[in-house]
Amino acid sequence: MGKIFNRISSFILVMAFVFGFSFNTAKAEEYSNITIDGEIQKVRAADIYLDGNKVATDTPAFTYKSRTLAPLRAIGEALGAEVSWDEEEMVANLSLNNKKLSMKIDSNKAVINGVEKNISYDMPAKLVNKRTMIPLRFIAEELDCKVVWDEANYAVRLYSGYKNVYVDGKLEALQIVNTTLNGNNIDLDFPSLIYNQRTLLPVRRLAEALSAEVEWNDTGVITVKKDGNTIEMKLDSTEYTINGETKTIPYGIPPKLVGDKTMVPMRFLGETILGCAVEWDENSFTANINTSKKYEPEPAPTPEPEPAPIPKPEPDNEIAYNNGIKIVLDAGHGGSDPGAPSYSKRNGGAYPYDEKTVTLNVTKKLEKILKDRGYNTIMTRDADYFVGLTERAEIANNNGANAFVSIHFNSAGATSATGLETFYFPGSGEGRRLADNVQRKLIERTGAVNRGLKEARFTVIAKSNCPAILTELGFVSNPNDEYWLQSDEYHDIAALAIADGIDAYFGR
């Protein structure tokens with residue numbers, strides 16, 4: 001599948017039929033008249049993007065009755081499929097890997113691997129000026145592309161490397177993860193997938209590869225037996241038992257029924273249950289289960305003498321229980337320093353924004369929560385203006401801050417990069433303890449990929465005299481994450497998690 005989809009971004013083959021539409025040579029946002037079902041219809045051309053690259057084709061797609069119709073041959077062959085046309089039966093045939101799809105003109109049904117299926121979205125294939133035009137979303141989802149409608153640019157954006165499956169009764173486009181065992185490919189009949197920023201994989205094939213026994217019953221209980229241990233998990237439950245002892249699945253993602261496959265969180269199964277290391281390669285988007293390397297949880301920070309308790313005066317109002325603790329909140333970037341651009345801003349998508357905007361929004365929400373909890377807060381910036389890095393640290397030092405928290409969003413060259421991480425200054429035990437509390441609460445509340453704690457010598461934390469951290473709240477460079485990361489809902493969740501982490505650090 002990888003080889004097939006790699007072709008997408010490099011070329012798009014035009015349709016073999018040479019008959020033209022009556023479109024004027026107009027830009028995509030202009031309207032044109034075409035004949036459909038014997039009637040002249042005014043339609044609007046829509047651009048198509050594949051993996052971020054605009055498709056150049058002499059056959060424009062267009063919207064009709066709120067659906068996008070596109071030339072079957074051009075799209076099919078772009079995805080590496082074989083396309084044929086049965087003139088007598090008026091049937092278009094497409095073959096890709098182990099999937100064979102047939103669509104009859106004006107029929108609301110398609111035949112997929114010999115099974116008749118209703119075409120979703122109430123739009124059949126149409127013959128327009130002797131070209132087969134198909135509902136783009138239907139064909140793209142059948143060929144496992146993620147489909148996003150970009151209203152701002154009046155375009156359809158297709159992303160390869162996905163599997164369209166039903167989860168909890170809803171069709172989801174989940175990103176495919178390459179999965180290896182000790183560096184070798186696992187013969188999976190169903191791919192590993194990213195769901196809620198966690199990798200799920202089919203439990204039976206992995207268990208068989210590891211010489212474990214797997215059983216499940218009609219009540220949704222999955223039993224794994226290996227090396228004298230018996231593990232029982234239940235679909236949609238974050239509780240499991242190991243040799244009869246009930247425990248909680250970390251990261252908050254339970255086993256799920258994905259399509260008709262029982263999927264379990266890979267890191268949970270590999271690290272917690274099987275005790276082996278799970279390694280992640282960002283460049284190849286590959287998760288490797290290394291049975292020769294024992295999983296060792298990150299050691300807890302070395303306990304240090306507790307700092308002198310901060311005086312807590314008698315409350316004189318209903319929110320004063322934490323008075324005396326001063327937190328400096330640093331919204332990353334600002335003014336002439338925009339920070340990282342979102343994927344859409346770099347590639348002409350629906351969600352163009354800069355890092356400086358989302359960091360400020362989260363920081364303002366965090367300030368309100370902390371004030372409501374009685375903390376004294378100082379913001380290094382409260383609007384869109386530039387503040388130097390050293391100046392940010394000096395704000396904390398000059399005000400005798402008890403903690404410094406810098407809010408950022410991440411970016412990477414690989415658009416698949418995802419997850420959250422928190423930095424502290426090397427050798428700072430209190431900085432690490434603060435980072436650990438905040439990172440743990442962030443993962444608990446967001447369910448995101450945990451990229452862990454990391455040491456760094458960033459100016460803002462290096463020059464702060466108090467415990468200082470810098471947290472990265474996700475990759476705006478990831479086209480699958482950028483919408484969620486700019487949403488008010490996510491900002492609320494992230495701000496609440498950071499506040500909980502600060503509470504935990506101060507023993508509240």
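Between Lys99 and Glu142 there is a salt bridge, since at least one side-chain N of the basic residue sits less than 4.0 Å from a carboxylate O of the acidic one. With respect to the salt-bridge test (charged N to carboxylate O, under 4.0 angstrom), the residues Lys365 and Asp488 qualify.
Between Pro135 and Leu69 the shortest heavy-atom distance is N-CD2, 3.6 Å. Closest non-hydrogen pair, Gly259 versus Val165, comes out as N-CB, 4.3 Å. Scanning all heavy atoms of the two residues, the minimum distance from Thr422 to Ala435 falls at CG2-CB, 3.6 Å. A pairwise comparison of heavy atoms in Thr35 and Val128 identifies O-CG1, 3.6 Å as the closest pair. Residues Val167 and Val258 approach most closely at CG2-CG1, 4.1 Å, considering heavy atoms.
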Worked check of salt bridge (charged side-chain N to carboxylate O under 4.0 Å, His left out) between Glu213 and Lys225
CA-CA 5 Å; Glu213 297 180 27; Lys225 297 179 180 180; 5.2 Å; no

Could you go through the side-chain contact (heavy atoms from CB on, under 4.5 Å) check for Lys247 and Ile242 one step at a time?
CA-CA 8 Å; Lys247 295 188 176 184; Ile242 179 166; 4.0 Å; yes

Go through the steps to decide whether Thr291 and Leu181 satisfy the test side-chain contact (heavy atoms from CB on, under 4.5 Å), and finish with yes or no.
CA-CA 8 Å; Thr291 59; Leu181 177 62; 3.9 Å; yes

For Asp86 and Lys104: C-alpha separation, side-chain torsions, deciding distance, then whether salt bridge (charged side-chain N to carboxylate O under 4.0 Å, His left out) applies.
CA-CA 9 Å; Asp86 186 330; Lys104 186 177 178 68; over 6 Å; no

Check step by step if side-chain contact (heavy atoms from CB on, under 4.5 Å) holds for Ile231 and Thr241.
CA-CA 6 Å; Ile231 300 97; Thr241 64; over 6 Å; no

Output, in order, the C-alpha distance, side-chain angles, deciding distance and verdict of side-chain contact (heavy atoms from CB on, under 4.5 Å) for Leu72 and Ile139.
CA-CA 8 Å; Leu72 171 65; Ile139 195 72; 4.2 Å; yes

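Thr357 contributes no side-chain N or O that, together with a main-chain N or O of Tyr353, makes up a donor-acceptor pair within less than 3.5 Å. The backbone N or O of Gly332 lies less than 3.5 Å from a partner atom in the side chain of Thr359, making a donor-acceptor pair. Although no hydrogens or angles enter the test, the distance criterion places a donor-acceptor pair under 3.5 Å between the side chain of Ser477 and the main chain of Ala412. Looking only at distances, a side-chain donor or acceptor of Asn243 sits under 3.5 Å from a matching main-chain atom of Thr230. A donor-acceptor contact shorter than 3.5 Å is absent between the side chain of Asp168 and the backbone of Lys170. Using modelled atom types, no side-chain atom of Asn290 and backbone atom of Asn182 make a donor-acceptor pair closer than 3.5 Å. A donor-acceptor pair is defined here as one N or O able to donate and one able to accept, closer than 3.5 Å; such a pair exists between the side chain of Arg451 and the backbone of Thr418. Put simply, the side chain of Asn478 gets close to the backbone of Asn480: a donor and an acceptor are under 3.5 Å apart. With hydrogens and angles disregarded, no donor-acceptor distance shorter than 3.5 Å links the side chain of Asp354 to the backbone of Gly339. In terms of modelled atom types and a separation under 3.5 Å, the side chain of Ser487 and the main chain of Tyr490 share a donor-acceptor contact.
Counting heavy-atom neighbours within 6.0 Å of Lys226 NZ, excluding the residue itself, gives a total above 12. Other residues, nucleotides and ligands contribute more than 12 heavy atoms inside 6.0 Å of the CD atom of Glu279.
Distance NZ/Lys117 to CD1/Ile112: 4.5 Å, rounded to 0.5 Å. Taking OG1 from Thr132 and NZ from Lys126, the interatomic distance works out to 12.5 Å, rounded to the nearest 0.5 Å. Remark: Met263 CE to Phe190 CZ distance equals 5.5 Å, nearest 0.5 Å. If you take CD on Glu472 and OG on Ser411, they are separated by 9.5 Å, rounding to the nearest 0.5 Å. Interatomic distance, Ser192 OG to Met266 CE, rounded to the nearest 0.5 Å: 4.0 Å. Atom CG of residue Leu136 and atom OG1 of residue Thr63 lie 12.0 Å apart, to the nearest 0.5 angstrom.
Side chains of Asn118 and Lys109: a donor on one and an acceptor on the other come within 3.5 Å. A donor-acceptor pair shorter than 3.5 Å can be found between the side chains of Thr180 and Asn288. In this structure, a donor-acceptor pair under 3.5 Å is absent between the side chains of Trp484 and Glu482. Side chains of Glu215 and Thr223: a donor-acceptor N/O pair is absent below 3.5 angstrom, by distance only. Side chain to side chain, Gln175 and Ser416 fail the donor-acceptor criterion of an N or O pair below 3.5 Å. With 3.5 Å as the limit, one finds a donor-acceptor pair spanning the side chains of Asn410 and Glu421. Glu355 and His333 share a donor-acceptor pair across their side chains, judged by distance under 3.5 Å alone. Under 3.5 Å, the side chains of Asn229 and Asp227 contain no donor-acceptor pair of N or O atoms.
Of the listed residues (Leu201, Thr199, Leu235), just one forms a side chain to side chain contact (heavy atoms under 4.5 Å, CB included) with Val264, and that residue is Leu201. Screening Ile498, Asp500, Asn450 for a side chain to side chain contact (heavy atoms under 4.5 Å, CB included) involving Leu442 leaves a single residue, Ile498.
Taking the centre and axis of the six-membered ring of Phe62, the NZ or CZ atom of Arg44 falls outside the cone set by 45° and 6.0 Å.
Contacts of Tyr343 classified as ring-ring contact (aromatic ring centres under 6.0 Å, His included), with partners at least two apart in sequence or in another chain: none. Tyr351 meets the ring-ring contact (aromatic ring centres under 6.0 Å, His included) test with Tyr483; sequence neighbours excluded.
Leu200 places a side-chain heavy atom less than 4.5 Å from the side chain of Lys256.
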